[in-house]
Undergrad: 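Submitted below is the structure of interest, expressed as structure tokens.
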Amino acid sequence: MTEIEQYVAPSSLEQAAEYLQRSGEVTILAGGTDLMPQSQGGRLKIKRTLMNIQHIPELKGIAIDGGAIRIGALATITEIMQSELIKKHLPILIEACDHFASDQIRNAATLGGNVCNASPAGDMLVPLLVLDAEVELASKPDGGLTRRRLPLSEFFVGPGKTRRAPSELLAGLRIGLPGAHHYARFFKFGTRPALDIATISIGIAGTLNNGALSSARVAFGAVAPVPMRAPRTEQALEARRLDAATIEAVAGVARDEVTPIDDVRASAWYRKELIHNITKRMLDHVAQA
Amino acid sequence: MSLKHDIEFKLNGVSRCASVRVDMSALDMLRDVAGLTGTKYGCGEGECGACTILVDGLSLNSCLMFAVDCHGRDVVTIEGLAADAKADALRAAFVEHGAVQCGYCTPGMVMQASHLLATHPDADAEAIKRGIEGNLCRCTGYTKIVEAIASVSRTGKPGARS
Ligand SMILES: Cc1cc2nc3c(=O)[nH]c(=O)nc-3n(C[C@H](O)[C@H](O)[C@H](O)COP(=O)(O)OP(=O)(O)OC[C@H]3O[C@@H](n4cnc5c(N)ncnc54)[C@H](O)[C@@H]3O)c2cc1C
Ligand code: FES
Ligand code: FES
């Protein structure tokens, strides 16, 4: 087993940032639904300090803040699902919450944990990517608490790897309030409705006018080392009227843009077929919307 | 030796202290430190729901929770529910509907059902099925479990087919 030397449960963001600044040897604990099985299964070694962040009020809550919705890193999947703000402005997140694990896990799992765990199949990541979400990172480099923002699309660098520095804490996610005619949908393909890791997932968003999506955003999960934006698919989709030929062409670009692997859940070939067929189905729905 | 930490929390309505290993799960703490073995170990990784408990009124998999995180919280296990008159109807329904066979899933199933009914008192068969998605049963085929829960939900009709 690991030799944990210290357990801390700071009650402010400032204190937490101070622990991180003092030592790079800190493992952050939120809901624990990734950390516990990963540490017990020997896939992750808890560092010298285990820091429980559950008592930090600045990391909680979902609120409108300067033209954006800020979701605190500690917001659980259940809290997001029940939030009136999210239901009203960001219903695509509700779609992602709905098929997330089970009730027990949704009650514990936090959004910050999902983002920092950086699984290519993390359910919240694809919808957040098509919503142009930004991560808010807090640290205390020289005595004062500072925050920086980074587009989520630049945050992931590999399975389980992000651009978060060891001295930083994810404080929250920011999503600009969607304008009129905003359209955003998410689809997770799995073999059963609950407790399933996505075989593939797709998010599509943009401003819908006259059957065409502009500022089109497309993202895919579980088909690359990171949850990915798909710039070529977005370009093929941008402001084009979604007739049958365009939809087929865009779905073809999508299939060619992803680079999945074979694993226990599906072969690379099958994943590419799923990306093609489900992109097509989702665009049919956009055309009918 | 792994680092230990002292926690103070409410367990089935009673305040108590415990000294727990920092990397220990709440499930191990309940069974091995507190001596409450009603909460079961099925998979140890969040898949089966046998270890379901209520923490601050929400159902959680105790195998995924760090014991140290129980500090300051209100924890209820199946032993707590057994002493709670409000849960009598639910427990009786499991017995009457034959929703218990080997019984291994039962504590977790009853804890999850009580959380479901507390948050969705009108749950119909569909909502009940979704509510117990995180609980596996290898014996009953679920039908009798869904019927048992439906019989105590406000919209449930005893014996209603799912
Ligand atoms: C049975 C089971 C089913 C699951 N099903 C799904 C599913 O359907 N979809 C899905 O997407 N995921 C699923 N998961 C994975 C997991 O539940 C989610 O990733 C969850 O959101 C993690 O959140 P947490 O709060 O539990 O994170 P934790 O386990 O506490 O932390 C996860 C990681 O993030 C780090 N971290 C957490 N918060 C912060 C922060 N604020 N700043 C910096 N670092 C931080 C931790 O150090 C750790 O490395 C499942 C897990 C299990 C066990
Ligand atoms: S033992 Fe906790 S979910 Fe199976
Ligand atoms: S009664 Fe045996 S597992 Fe459910």
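Chain A is the first sequence line, chain B the second, and so forth, proteins listed ahead of strands; every chain is numbered from 1.
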Undergrad: Around atom CZ of A:Arg48, are there more than 12 heavy atoms from other residues, nucleotides or ligands closer than 6.0 Å?
TA: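 12 or below, so no.
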Undergrad: Please classify the contact of B:Thr52 with chain A as side chain, backbone, both or neither, using a heavy-atom distance under 4.5 Å.
TA: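 The side chain, not the backbone.
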Undergrad: Is there a side-chain contact between A:Asp98 and B:Arg130, using heavy atoms and a 4.5 Å cut-off?
TA: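 Result yes, sub-4.5 Å side-chain heavy-atom pair found.
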Undergrad: Quick check on A:Leu50 against chain B: is it the side chain, the backbone, both or neither that has a heavy atom closer than 4.5 Å?
TA: side chain
Undergrad: Would you compute the distance between atom CD of A:Gln104 and atom CG of B:Leu54 and round it to the nearest 0.5 angstrom?
TA: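 Here the interatomic distance stands at 10.0 Å.
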Undergrad: Are the side chains of A:Ile46 and B:Phe66 in contact, using a 4.5 Å heavy-atom criterion?
TA: yes
Undergrad: Counting only heavy atoms closer than 4.5 Å, note whether B:Glu47 contacts chain A via side chain, backbone, both or neither.
TA: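 Both parts, backbone and side chain.
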Undergrad: Check whether more than 12 heavy atoms from other residues, nucleotides or ligands sit under 6.0 Å from atom NZ of A:Lys60, and answer yes or no.
TA: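 Count over threshold, so yes.
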Undergrad: Is the count of non-hydrogen atoms from other residues, nucleotides or ligands lying under 6.0 Å from A:Lys87 atom NZ greater than 12?
TA: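 Yes, because the 6.0 Å sphere around NZ of A:Lys87 holds more than 12 heavy atoms from other groups.
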Undergrad: How far apart are the closest heavy atoms of A:Tyr7 and B:Val68, and which atoms are they?
TA: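 Scanning both residues, the minimum pair turns out to be CE1-CG2, 3.4 Å.
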Undergrad: So A:Asp103 and B:Leu116, do their side chains get closer than 4.5 Å, heavy atoms only?
TA: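 Side-chain contact under 4.5 Å: no.
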Undergrad: Is there side-chain contact between A:Pro37 and B:Leu64, with at least one heavy-atom pair below 4.5 Å?
TA: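 They are in side-chain contact.
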Undergrad: Give me the atom names and distance for the closest heavy-atom approach of A:Ser102 to B:Gly134.
TA: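 Smallest heavy-atom distance, with atoms named: CB-CA, 3.4 Å.
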Undergrad: Using non-hydrogen atoms only, which part of A:Ala9 is less than 4.5 Å away from chain B: side chain, backbone, both, or neither?
TA: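 Neither part, no heavy atoms under 4.5 Å.
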Undergrad: I'd like to know whether CG of A:Leu195 has more than 12 heavy-atom contacts from other residues, nucleotides or ligands below 6.0 angstrom.
TA: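 Correct, the count exceeds 12.
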Undergrad: If you compare all heavy atoms of A:Gln40 against all heavy atoms of B:Asp23, which two are closest, and at what distance to 0.1 Å?
TA: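 Taking every non-hydrogen atom into account, NE2-O, 3.8 Å.
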Undergrad: Do you know which two heavy atoms are closest between A:Met36 and B:Met65, and how far apart they sit?
TA: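 Smallest interatomic distance, heavy atoms only, reads CE-O, 3.4 Å.
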Undergrad: Report, as yes or no, whether the 6.0 Å neighbourhood of atom NE2 on B:His120 holds more than 12 heavy atoms from other residues, nucleotides or ligands.
TA: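 No, NE2 of B:His120 has 12 or fewer neighbouring heavy atoms, counting only those of other groups under 6.0 Å.
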Undergrad: Closest heavy-atom contact between A:Ala30 and B:Asp69?
TA: O-OD2, 4.4 Å
Undergrad: Apply side-chain contact (heavy atoms from CB on, under 4.5 Å) to residues A:Asn52 and B:His71 and explain how you reach the verdict.
TA: CA-CA 11 Å; A:Asn52 183 352; B:His71 179 74; over 6 Å; no
